Chemist: 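Questions regarding the structure given below will be posed in turn.
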Amino acid sequence: MKFKQTFLALIAAAGIFSITSCSGAKSATLNNMYVSDMNTQYQNMRPGANFYIFIERYQTLEVYSDNTYVFTVSTTTVSSLDLADSGNEYTASPTLMAQQKFYGTYTSAVDELDEETINYKLATPTRYTLVQYGSQTGNKFFDTANWTETMTKEAGVGENDAPLYTTGEEYLNQEVTNPLTQKTTSLIWKEAITIAASETTHQFDFDAEATSLLLL
């Protein structure tokens, strides 16, 4: 199936992107890496439209020897999901595949109640990157640390066709509105967040507060 092939190809590309990611310092080494549980969400647009959306998200945390981190949010969204009555056949329309990366510094400490858990305190991100492919949202790549005119164009326009963001700093500090709840929050967390990661399973709980909802 076309969607399945596209999905696997993009996951492979995302894996390469993760492996080659670094803290930004050439001398820094990757100390550890953790992955969250899968977060799933189902939405429908009824009664206005007979349109269904299924979303899967997971997060990874990479920590480096220079006390920098890369926090990644991977999102897959499909619509028009139709499962066969039997077997494994299905059809679906890929609506969005995206990978968001947040870069910053961290401190860490062993959890007082569990010596096999490390509490990583992630400071406010100083850099953000986004790569996305979407049948409705379009293909985009942003890097707030290496902003270009192309990124300004892809970020869209506001009133009087003026660019919404002309610098990476403006994009990094933007406010985003959840189209479902209409709640507005910052793209990046303004206060440090803590990720409690297991040293034995290399897992942590999905942190919804650290995940900005991409437009579908």
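Values in this document were obtained by computation on a predicted structure and should not be read as measured data.
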Chemist: Which pair of non-hydrogen atoms, one from Pro125 and one from Ile188, has the smallest distance, and what is that distance?
Modeler: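 That would be O-CD1, 3.6 Å.
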Chemist: Assess the side chains of Thr194 and Lys121: does a donor N or O sit below 3.5 Å from an acceptor N or O?
Modeler: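 The answer is no; no qualifying pair exists.
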Chemist: Are any of the side-chain heavy atoms of Tyr58 and Asp37 separated by less than 4.5 Å?
Modeler: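 A side-chain contact is absent here, since even the closest heavy-atom pair is not under 4.5 Å.
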Chemist: With sequence neighbours left out, what residues match Asp207 under salt bridge (Lys or Arg N to Asp or Glu O under 4.0 Å)?
Modeler: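 Per chain and number, Asp207 pairs via salt bridge (Lys or Arg N to Asp or Glu O under 4.0 Å) with no residue.
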Chemist: Is there a side-chain contact between Asn31 and Thr29 (heavy atoms, below 4.5 Å)?
Modeler: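 Yes. Closest side-chain heavy atoms under 4.5 Å.
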Chemist: From Met151 CE over to Thr166 OG1, what is the distance, rounded to the nearest 0.5 angstrom?
Modeler: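 Nearest 0.5 Å value for the CE-OG1 distance: 13.5 Å.
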Chemist: Consider only side-chain heavy atoms of I, L, V, M, F, W and Y, link residues closer than 4.5 Å, and tell whether Val176 and Leu130 are in one cluster.
Modeler: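 Yes, because Val176 and Leu130 connect within a single hydrophobic cluster, where side-chain heavy atoms sit under 4.5 Å apart.
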Chemist: Pick out which of Val35, Thr60, Asn32 makes a side-chain contact (heavy atoms from CB on, under 4.5 Å) with His202.
Modeler: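 Single pass found, and it is Asn32.
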Chemist: Can you list the steps and then say if Tyr34 with Glu199 is a side chain to side chain contact (heavy atoms under 4.5 Å, CB included)?
Modeler: CA-CA 9 Å; Tyr34 309 89; Glu199 290 291 275; 2.4 Å; yes
Chemist: Measuring from atom CG of Asp111 to atom OG1 of Thr117, what distance do you get when rounded to the nearest 0.5 angstrom?
Modeler: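 If we round to the nearest 0.5 Å, Asp111:CG and Thr117:OG1 are 5.5 Å apart.
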Chemist: State, to 0.1 Å, how close Ile55 and Thr75 come at their nearest heavy-atom pair, and which atoms those are.
Modeler: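 Nearest pair, atom of Ile55 first, then Thr75: CG2-CG2, 4.0 Å.
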Chemist: Assess, by modelled atom type and distance only, whether the side chains of Glu175 and Thr185 contain a donor and an acceptor separated by less than 3.5 Å.
Modeler: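 No, no side-chain donor-acceptor pair sits under 3.5 Å.
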Chemist: Are there over 12 heavy-atom neighbours, none belonging to Lys153, within less than 6.0 Å of that residue's NZ?
Modeler: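 Count not over threshold, so no.
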Chemist: Looking only at non-hydrogen atoms, find the nearest pair between Ile118 and Ser108 and report the distance.
Modeler: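 Smallest heavy-atom distance, with atoms named: CG2-CB, 3.9 Å.
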Chemist: Between Thr72 and Glu62, does the side chain to side chain contact (heavy atoms under 4.5 Å, CB included) criterion hold? Intermediate values first, please.
Modeler: CA-CA 8 Å; Thr72 303; Glu62 301 166 61; 4.1 Å; yes
Chemist: From Ile193 CD1 over to Leu122 CG, what is the distance, rounded to the nearest 0.5 angstrom?
Modeler: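 Here the interatomic distance stands at 5.0 Å.
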Chemist: Can Tyr106 and Tyr64 be said to form a ring pair (Phe, Tyr, Trp, His ring centres under 6.0 Å), step by step?
Modeler: CA-CA 9 Å; Tyr106 73 89; Tyr64 290 83; 8.8 Å; no
Chemist: Excluding sequence neighbours, so at least two apart, what forms side-chain contact (heavy atoms from CB on, under 4.5 Å) with Asp205?
Modeler: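 Once residues adjacent in sequence are excluded, the partners of Asp205 under the side-chain contact (heavy atoms from CB on, under 4.5 Å) criterion are Gln203.
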Chemist: Output the distance between atom CG (Asn173) and atom CG (Leu187), rounded to the nearest 0.5 Å.
Modeler: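 Asn173 atom CG to Leu187 atom CG measures 8.5 Å (nearest 0.5 Å).
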Chemist: What distance separates Lys140 NZ from Tyr133 OH, expressed to the nearest 0.5 Å?
Modeler: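 Between Lys140 NZ and Tyr133 OH, I get 14.5 Å after rounding to 0.5 Å.
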Chemist: Show, in sequence, the C-alpha distance, side-chain angles and deciding distance for Arg57 and Thr211, and conclude whether the side chain to side chain contact (heavy atoms under 4.5 Å, CB included) test is met.
Modeler: CA-CA 9 Å; Arg57 292 188 181 91; Thr211 302; 3.8 Å; yes
Chemist: Which word best sums up how the rings of Tyr69 and Trp189 line up, parallel for under 30°, tilted for 30 to 60°, or perpendicular for over 60°?
Modeler: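 Parallel: the ring planes of Tyr69 and Trp189 meet at under 30°.
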Chemist: What closest approach, in Å, do Phe204 and Ala196 show between heavy atoms, and which atom pair accounts for it?
Modeler: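 Here Phe204 and Ala196 meet closest at CB-O, 3.3 Å.
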Chemist: Nearest 0.5 Å, what's the CG-CD distance between Asn119 and Glu112?
Modeler: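 These two atoms lie 8.5 Å from each other.
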Chemist: Output, in order, the C-alpha distance, side-chain angles, deciding distance and verdict of ring pair (Phe, Tyr, Trp, His ring centres under 6.0 Å) for Phe102 and Tyr128.
Modeler: CA-CA 5 Å; Phe102 302 83; Tyr128 170 82; 5.1 Å; yes
Chemist: Which heavy-atom pair separates Arg127 from Leu172 by the least distance, and what is that distance?
Modeler: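 Taking every non-hydrogen atom into account, C-CD1, 4.1 Å.
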Chemist: Could you walk me through whether Ile53 and Thr77 pass the side chain to side chain contact (heavy atoms under 4.5 Å, CB included) check?
Modeler: CA-CA 7 Å; Ile53 295 173; Thr77 301; 3.3 Å; yes
Chemist: Of the non-hydrogen atoms in Phe71 and Ile195, which two are nearest, and what is the gap between them?
Modeler: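 Result for this residue pair: CE1-CD1, 4.1 Å.
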Chemist: Side chain of Ser36, backbone of Gln59: donor and acceptor closer than 3.5 Å?
Modeler: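 Looks like yes, one N/O pair under 3.5 Å.
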Chemist: Does CD belonging to Glu191 count more than 12 external heavy atoms closer than 6.0 Å?
Modeler: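 Counting neighbours around CD of Glu191, 12 or fewer heavy atoms of other residues, nucleotides or ligands fall under 6.0 Å, so no.
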Chemist: Side-chain atoms of residues 156-165: list all donor-acceptor pairs with protein atoms under 3.5 Å, sequence neighbours left out, distances to 0.1 Å.
Modeler:
from   : atom 1 : to     : atom 2 : distance (Å)
Tyr165 : OH     : Gln174 : OE1    : 3.0

